[in-house]
There are 2 protein chains.
Amino acid sequence: MPDADTTPAGGDADGPPASVRRAVQQSMERLSNSERKVARALLAGYPGSGLTTVADLAAAAGVSPPTVIRFTARLGYDGYPQLQRAIVHEVNEGMGSPLAQYGDTRRSEGEEVLDHAVRTIQSSLERSFSELSSWDFKRVVRLLSDESREIRVVGGRFSRLLADYLSSHLHLLRGRVQLMSEPGLERLAAIADAGPSTLLVVFDYRRYDEAVGQFAVDMKSRGSSVVLLTDNWLSPVAKIADVVLTSRVEAPSPFDSLVPAMALTEALIAALTDAVGDRGRERLERLEAFDPQARHLEDQA
Amino acid sequence: MPDADTTPAGGDADGPPASVRRAVQQSMERLSNSERKVARALLAGYPGSGLTTVADLAAAAGVSPPTVIRFTARLGYDGYPQLQRAIVHEVNEGMGSPLAQYGDTRRSEGEEVLDHAVRTIQSSLERSFSELSSWDFKRVVRLLSDESREIRVVGGRFSRLLADYLSSHLHLLRGRVQLMSEPGLERLAAIADAGPSTLLVVFDYRRYDEAVGQFAVDMKSRGSSVVLLTDNWLSPVAKIADVVLTSRVEAPSPFDSLVPAMALTEALIAALTDAVGDRGRERLERLEAFDPQARHLEDQA
DNA sequence: GCTGACCTGAAACAGATAGTTCAGAACGCT
DNA sequence: AGCGTTCTGAACTATCTGTTTCAGGTCAGC
């Protein structure tokens with residue numbers, strides 16, 4: 001049993017590095033409420049938060065310094081400096097290794113489900129993007145950034161959330177955008193007003209929404225362009241759509257996943273932000289002038 | 001672009017990261033013999049050697065502490081702690097996500113933006129899950145699956161979509177769920193009715209919603225349990241929350257990303273489906289009897 | 001071989017740091 | 001309710017930190 005330098009709570013005497021991160025996660029249960037806050041703060045800003053002083057970490061966690069000390073003691077370290085050394089050690093080894101953290105052992109219920117969920121979601125996402133046609137993607141971006149067009153956005157039972165999400169961002173970046181949340185008069189009016197300069201964005205994922213499908217058909221018949229975001233099984237709207245972007249829906253549960261679709265939506269927003277450039281930025285600033293709570297541009301320093 | 005925090009000897013105002021390592025290498029010539037020993041020791045054990053004490057680094061280099069101090073001064077830092085901070089900063093970037101590398105290079109508009117978006121989103125997602133405490137996750141699942149509890153779900157400007165998403169699924173799996181979509185009488189009534197058997201689920205991501213925060217505080221003061229889903233910068237609600245689940249919000253655009261948060265939500269739903277087991281399945285079947293369009297269980301063959 | 005400039009480290013110093021003590025608070029358990 | 005246990009932070013302290021001071025040492029140049 002050599003190397004008794006940095007393996008306190010790692011436990012099983014097998015893992016050579018015994019990541020501090022995992023040690024913390026495993027010890028979660030044994031901790032008190034405030035100590036758990038420390039654990040969360042440590043993981044949230046890892047590893048930087050563990051390389052500052054006790055006082056700093058305590059402040060970040062919203063607890064007092066003694067709690068941090070007790071936290072380190074409970075993990076099995078002789079003191080805060082020793083925990084720091086362990087982190088430094090780890091940083092020295094890894095300095096970039098991304099997914100070394102996923103172990104193999106599984107027992108407790110929740111963990112298995114979570115692990116499975118993570119992998120399912122990630123592979124769905126990966127696959128979705130790898131199957132995405134970048135040419136279609138660009139076409140959609142061009143359509144969305146064309147301010148001479150009137151945009152309507154609509155979605156189905158769950159995908160209405162994405163329709164909402166997209167239109168909210170569109171509002172921030174350009175004018176002439178409308179979300180068609182409910183069936184009814186609003187949609188009828190939209191059909192009546194539709195023409196060649198109208199752009200309808202449809203989110204339709206299983207199970208496909210009949211009302212949305214009919215609405216798309218009607219809009220199309222009035223000359224509107226139609227962009228469809230759907231799953232890989234293709235909504236019936238695909239038949240009449242001008243551009244189709246698909247995403248996978250494989251989920252860790254019996255329900256479908258919207259994560260890849262949302263990722264696609266965010267990618268569209270990113271590309272659109274890039275496309276509208278200064279024009280959109282000006283609009284954002286104008287909007288912010290009226291809404292002190294929205295300062296979306298200051299995120300990236 | 002000042003930010004005179006960590007860019008002393010980077011010098012030429014060109015290098016984007018101004019790596020400490022590179023700063024040292026460039027300054028080699030200007031150093032004295034002993035100082036150069038320090039430089040070599042620092043680079044040899046980088047970054048760990050720079051995260052210890054002055055005395056340690058001096059010993060590793062075979063020189064006296066003052067020499068280390070003079071070394072840091074010669075590099076342009078105000079003191080050893082400042083150099084340390086610069087290194088920590090660097091480590092923080094490099095360790096987690098490979099976000100740092102996508103600085104500037106772009107040619108073909110749509111495609112590169114898309115590529116960048118994909119990578120950003122995926123790394124955010126990966127990082128979020130790696131930082132997730134599975135213990136907290138399990139606690140939330142347990143709370144959500146406890147049918148003796150009355151559940152209230154609320155969200156902020158954008159995260160209301162996730163609140164909606166979660167509550168929609170909760171409705172399918174169990175009873176006594178209510179989405180608090182708008183401020184107003186509905187929320188007041190919820191506060192009045194709240195008690196120890198109430199569970200409030202709060203989605204609060206930057207920019208944090210004051211109304212939601214106040215609502216959470218009020219609910220908590222009435223004895224309700226509070227589960228918070230937030231970003232890694234922690235909503236103020238974290239102070240009073242019983243459990244906190246964080247996700248990253250780094251996005252390919254100036255806006256924040258909700259993809260990791262949605263993935264987390266879906267993981268919760270998956271685990272919850274598992275937890276409620278047959279009871280939830282029966283409920284689903286009962287619901288389907290009244291809604292021929294919802295057949296969520298047939299997805300996985 | 002003397003003089004000046006420049007390194008270099010021992011010793012001393014001021015300030016910050018981790019860790020301890022203790023009293024009050026919160027909690028769970030009959 | 002009342003008890004004992006556990007948790008938590010304010011105040012304190014001993015220690016270690018980075019830094020400055022200063023004297024000894026090295027070397028080049030006429």
Side-chain angles (χ1 to χ4, degrees), chain A residues 6 8 20 27-42 48-88, chain B residues 6 8 20 27-42 48-88 135 139 143 195-197 220-226 238-244:
Chain A
T6 58
V20 173
S27 308
M28 270 289 184
E29 307 190 38
R30 272 176 285 143
L31 302 176
S32 75
N33 285 331
S34 293
E35 285 163 4
R36 217 168 287 130
K37 283 189 197 169
V38 177
R40 288 197 204 100
L42 179 57
S49 51
L51 296 173
T52 60
T53 67
V54 168
D56 283 356
L57 180 55
V63 301
S64 66
T67 301
V68 173
I69 300 297
R70 283 187 288 261
F71 165 76
T72 62
R74 182 109 31 160
L75 287 189
Y77 293 94
D78 260 4
Y80 186 76
Q82 197 184 331
L83 179 140
Q84 270 197 335
R85 248 175 275 137
I87 295 179
V88 167
Chain B
T6 57
V20 173
S27 309
M28 270 290 190
E29 307 183 39
R30 274 177 283 147
L31 303 176
S32 74
N33 284 334
S34 294
E35 285 163 2
R36 214 168 290 132
K37 285 187 195 170
V38 177
R40 286 198 206 99
L42 178 56
S49 49
L51 296 172
T52 60
T53 67
V54 169
D56 284 356
L57 181 54
V63 302
S64 68
T67 302
V68 172
I69 299 298
R70 283 187 287 263
F71 164 77
T72 63
R74 182 104 38 154
L75 287 189
Y77 292 94
D78 260 3
Y80 187 74
Q82 199 183 329
L83 178 139
Q84 269 197 336
R85 247 176 276 137
I87 295 179
V88 167
W135 188 75
R139 272 184 75 196
L143 285 168
S197 71
K220 177 71 180 179
S221 74
R222 296 275 306 154
S224 168
S225 302
V226 176
K239 293 201 196 78
I240 58 113
D242 297 282
V243 199
V244 182

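Lettering of chains follows the sequences in order, A, B, ..., and the numbering in each one begins at 1. Because only heavy atoms are used, hydrogens play no part in the values below, and waters and symmetry mates are left out as well, while side chains stay in.
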So if I take every side-chain heavy atom of [X] and compare against [options], which nucleotide ends up nearest?
X	options	result
Asn33(A)	dT8(D), dT17(D), dT8(C)	dT8(D)
Pro66(A)	dC7(D), dA11(D), dT19(D)	dA11(D)
Thr67(A)	dT17(D), dA11(D), dT8(D)	dT8(D)

Whole angstroms only, please: what is the [atom1]-[atom2] distance between [X] and [N]?
X	N	atom1	atom2	value
Asp78(A)	dT15(D)	CG	C1'	16 Å
Glu35(B)	dG9(C)	CD	P	10 Å
Tyr77(B)	dT19(D)	OH	C1'	19 Å
Leu57(B)	dT17(D)	CG	P	13 Å
Ile69(B)	dT21(D)	CD1	C1'	14 Å
Tyr80(B)	dA16(C)	OH	C1'	16 Å
Arg85(B)	dA16(C)	CZ	P	12 Å
Gln84(A)	dT17(C)	CD	P	11 Å

What heavy-atom pair brings [X] and [Y] nearest, and what distance separates the two atoms?
X	Y	value
Tyr77(A)	Ala86(A)	CE2-CB, 3.9 Å
Arg139(B)	Asp242(B)	NH1-O, 3.6 Å
Ala39(A)	Phe71(A)	CB-CE1, 3.8 Å

Look at the side chain of Arg70(A) and the base of dG19(C), then say whether one donor and one acceptor between them are separated by less than 3.5 Å.
->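 No, no donor-acceptor pair under 3.5 Å.
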
Below 3.5 Å, can you tabulate the donor-acceptor pairs from side chains in residues 53-67 of chain B to any protein atom, sequence neighbours excluded?
residue	atom	partner	partner atom	Å
Thr53(B)	OG1	Ala55(B)	N	3.4
Thr53(B)	OG1	Asp56(B)	N	3.1
Ser64(B)	OG	Thr67(B)	OG1	3.4

Side-chain heavy-atom pair Arg40(A), Met28(A) within 4.5 angstrom cut-off | yes

For DNA chain C, just give me the dot-bracket, please: Watson-Crick or G-U, both distances below 3.5 Å, ( ) intra-strand, [ ] crossing earlier pairs, | paired with another strand, . unpaired.
-> .|||||.|||||||||||||||||||||||

Heavy atoms under 4.0 Å, any strand shown: does Val68(A) hit a base, just sugar-phosphate, or nothing?
-> nothing

For Pro81(A), report the nucleic acid contact type (base, sugar-phosphate, nothing); a contact means any heavy atom under 4.0 Å.
->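 Contact class for Pro81(A): sugar-phosphate only.
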
Is the distance from OP1 or OP2 of [N] to the nearest side-chain N or O of [X] less than 4.0 Å?
X	N	result
Ser34(B)	dT8(C)	yes
Ser32(B)	dC6(C)	no
Ser64(A)	dT8(D)	no

Judged by atom type as modelled, is there a donor-acceptor pair below 3.5 Å linking the side chain of Gln82(B) to the main-chain atoms of Asp78(B)?
-> yes

Check whether any side-chain N or O of Gln84(A) sits under 3.5 Å from a backbone N or O of Thr52(A) as a donor-acceptor pair, and report yes or no.
-> yes

